[in-house]
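Beneath this line is the structure, given in structure tokens, with notes to follow.
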Amino acid sequence: MPRFYLTTAIDYVNSRPHLGTAYEKITADVIARYKRLGGVDTHFVMGNDEHSQNVFRRARELGQEPLAYCDRMEQEFRDVWRALDLSFDDFIRTTQPRHKAAVETIVTRIAAAGDLYQADYEGWYCVGCEAFKQEKDLVEGLCPIHRTKPDWIKERNHFFKLSAYRDRLLAHFAEHPEFLQPDVRRNEILRLLDAGLEDISISRAGQSWGIPLPTDPSSVVYVWFDALINYASAVGLGTDPALFDTWWPADLHVVGKDITRFHAVIWPAMLMSAGLPVPRQVFGHGWVHLRGEKMSKSLGTAIDPLEAAQRFGADALRLFLTKEIPYGADGDFTFERFEERYNADLANNLGNLVNRVTAMGARYRQGHLTPTGSPSRLQDLAATTVREYGAAMDTYALHQGVASVFRLLDATNEYLAERAPWTLAKDPANAAALDEVLFTAAESLRLATVLLGPVMPASTQAILARLGDHTPLVDRRLAVDGAWRAAGARTVAAGEALWPRVVSADPTTPDVTAAPAPVQVRALSGVSSVPEDQSSATPVSPVAAPAAPAASAATPAPTSAEPAPSEDAVITIDDFMKVELKVGKVLAAEAVPKSKKLLKLTVQDGAASERTILAGIAESYTPEAIVGRTIAFVANLAPRPMMGLVSHGMVLAADTDGKAQLIAFETPPAPGTRIR
RNA sequence: GCCGGUGUAGCUCAGCCGGUUAGAGCAUGCGUCUCAUAAGCGCAGGGUCGGCGGUUCGAGUCCGCCCACCGGCACCA
């Protein structure tokens, strides 16, 4: 029997899943159920990503042990997934022993392959700046800020030789065009590969929350490196060789478009290094927007999938998300549109069709339908539909697959209007014709319902039962149940409306936008946490991972790009007082040439002194709008060169999903005033 | 700034290698049937196919330039 191993990204557990997360799982579930319908032995795995500092911190905030916190969150996630009828076969957690075994296996094999080198990261280091310097930052070999020659120093770390795999990855992409879909994502990654790869740091020193690096137990495996391995640990790498042989390599990783690079570049390189087969395909799906806007937890605009499901049922939500959003592209969700589609597709079309077919069967034939064997145009169309449906679903054009089924439903409604069984029923002489029409319509509907099974598992099963097809869901096969049955009497049963038509005065939901969460105050703007908000999926902060912690001579940053949170999230007043916050007045502002985000500000920082600060707020403020404003800034930050200029400080702004909002004062204090 | 994508009826989108009056679904209006969830079926209105220019007998479909929006990279201490 053919096999199919399917995964979704594993999720951070620092907050509950929202509609964007649910979208990924639902579409993956549709694929899994479609495969099973096709008679494919399918293994569908989901899970949670728990070795994140954010998770650790969140648990601490709540005064809980991290693991206990993760246990609780697993239950919350499972509750949501159950409500959405997700048919995963296994649920992996990165804190499980089997995952630890797999991580150790892979890291050990990578080390054995010689692709892991103990950091000793080298680079130019300016003592004045307290920072590593890139070659390109130096002016005639000197630090542009301090006019001194930086030192060449070393710092310990563990790196994976990602750069060594560029050619093999390029070759793989060339040989397997289907490896990364859709094509937009593929092109992006190809360009990234063209630009070259840098080695990546895979360890974090001095942390306890994580899996110790086998080659250096004083460090833990960096969270996203750890997370990727879940796909292998879930099928027994390092714990169950037989299971692993059965399922590996994975056939499909369904992930958000923001993390395709982890799955299409780093993950295959890791596997190549470890001498393991790479997954057959990665699919990067798009986002679900809310009213055209990115859904955001911090703005309180994230939709609770449970609320959406409760509104019209889980199956209705599953249908909406699969049918209305071209798979791979971004889509838009609104309750108005959801209701509109619910009424059109489910109440008026499918639901009503079920009712009229079964009602007429009951009324004219006491539920007993007998075949007459006469071919009809519906039978031909059904064959075409099955073909189109299969072709679409096989290439994950889920929306097209579903659309083709609805064309068959439309045709069935037309057929009834054309043959008018209610008229035939008036004259006993038409008994044979009436039998033919009732049977044909019921069979067409039955077949269409089978095809919708992967999308709406519960309700299609209910419809089929009413149509006299009592095959258990697990035994349903496309080749058998998706074929037109010209023979075999059956019994249909009338019943309640499955999807009563709904008309609400105001389908918008006020509670969605009700309570915006507090906005993070963060120095400088623009650093949005997309993965947290939107995909909340696996391999963590893409901003932090591949590009930044690199070891090539060209890159500084000894470890990660993240500010390396200490084991304690709490700081003392002494720590805080090290930061010198001051009031400043913007004397002049101009856009930095060739930069999209930077404004160059001339800030009065004392009675008669001024300094230059570069601020990443150009997407939120024009230079004119900011001149004359009184702002807050960090005064004692090490100078930093950017875009050929040097910034002496950092402006404070609230960060609401990439949109900066400067801090304002009721009555502007004099420039230079200390803030604390 | 570089790279890529999108821009077609009120809304969501189809339109392959250029070829008769540009399509579908939803929404709207009218008509009609009555088995059915005021559902079904039929008909209709509605589009300078983002803009300008070019190639061609002929362009939504090819080429160039421009505009808008989206995404990726650089950049965001």
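Naming convention: chains lettered A, B, ... in sequence-line order (proteins, then strands); numbering from 1 in each chain.
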* Check every strand shown and say whether A:Tyr364 touches a base, only sugar-phosphate, or nothing at a heavy-atom separation below 4.0 Å. => sugar-phosphate
* Whole angstrom is fine here: how far is it from CG in A:Asn343 over to P in B:rA27? => 8 Å
Are there any protein N/O atoms within less than 3.5 Å of an N/O atom in nucleotides 36-43 of chain B, and if so, which ones and at what distance?
from, atom 1, to, atom 2, distance (Å)
B:rA36, O2', A:Asn352, OD1, 2.4
B:rA36, N3, A:Asn352, ND2, 3.2
B:rA36, N3, A:Arg356, NE, 3.3
B:rU37, O2, A:Trp499, O, 3.2
B:rU37, O2, A:Arg501, N, 2.9
B:rU37, N3, A:Ala347, O, 3.4
B:rU37, N3, A:Trp499, O, 2.8
B:rU37, O4, A:Gly351, O, 3.1
B:rU37, O4, A:Asn352, N, 3.4
B:rA39, OP1, A:Arg501, NE, 3.0
B:rA39, OP1, A:Arg501, NH2, 3.4
B:rA39, O2', A:Asn348, O, 3.0
B:rA39, O2', A:Asn352, ND2, 2.9
B:rG40, O2', A:Arg356, NH1, 3.0

* Asked: Is there any salt bridge (charged side-chain N to carboxylate O under 4.0 Å, His left out) pair reaching into residues 320-329 of chain A, and which pairs are they, with sequence neighbours excluded?
  -> A:Lys323-A:Asp345, A:Glu324-A:Arg337, A:Glu324-A:Arg341
* Could you list the residues that satisfy ring-ring contact (aromatic ring centres under 6.0 Å, His included) with A:Phe179, not counting sequence neighbours? => A:His172, A:Phe173
* **Sequence-distant partners of A:Arg318, salt bridge (Lys or Arg N to Asp or Glu O under 4.0 Å), two or more places apart** => A:Asp29
* Asked: Would A:Asn413 and A:Arg356 satisfy side chain to side chain donor-acceptor pair (under 3.5 Å), going step by step from the backbone distance to the final call?
  -> CA-CA 10 Å; A:Asn413 268 322; A:Arg356 56 199 308 218; 2.7 Å; yes
* Structure fact -> Sequence neighbours excluded, the answer for ring-ring contact (aromatic ring centres under 6.0 Å, His included) partners of A:Phe406 is none
* To do: Please determine, for the side chain of A:Lys426, which listed nucleotide (B:rG71, B:rU34, B:rC26) has the closest atom?
  => B:rU34
* Asked: Once you round it to whole Å, what is the distance between P of B:rC73 and CZ of A:Arg186?
  -> 18 Å
* Under the side-chain hydrogen bond (donor to acceptor under 3.5 Å, both in side chains) test, which residues partner A:Thr260, sequence neighbours left out? -> none
* Asked: Starting at CD of A:Glu188 and ending at P of B:rA74, how long is that distance when rounded to a whole Å?
  -> 12 Å
* Asked: Mind checking what makes ring-ring contact (aromatic ring centres under 6.0 Å, His included) contact with A:Phe439, not counting sequence neighbours?
  -> none
Protein and nucleotides 9-14 of chain B: nitrogen or oxygen contacts under 3.5 angstrom:
from, atom 1, to, atom 2, distance (Å)
B:rU12, O4', A:Arg337, NH2, 3.3

* Asked: side-chain contact (heavy atoms from CB on, under 4.5 Å) with A:Pro623: which residues, sequence neighbours excluded?
  -> A:Ala589, A:Leu599
* Cation over ring face, A:Arg311 and A:Phe335, 6.0 Å, 45° -> yes
* Structure fact -> In RNA chain B, consecutive runs of at least three Watson-Crick or G-U pairs below 3.5 Å, as range with range, amount to B:1-7 with B:67-73, B:10-13 with B:23-26, B:28-32 with B:40-44, B:50-54 with B:62-66
* To do: Mind checking A:Arg407 for me? I need base, sugar-phosphate or nothing, with any heavy atom below 4.0 Å counting as a touch.
  => nothing
* To do: List for me each residue that meets salt bridge (Lys or Arg N to Asp or Glu O under 4.0 Å) alongside A:Glu496, sequence neighbours excluded, and say none if there are none.
  => none
* Asked: According to a strict under-4.0 Å criterion, is A:Arg261 in side-chain N/O contact with OP1 or OP2 of B:rC73?
  -> yes
* With sequence neighbours excluded, tell me which residues meet side-chain contact (heavy atoms from CB on, under 4.5 Å) with A:Lys582. => A:Glu580, A:Phe633, A:Ala635
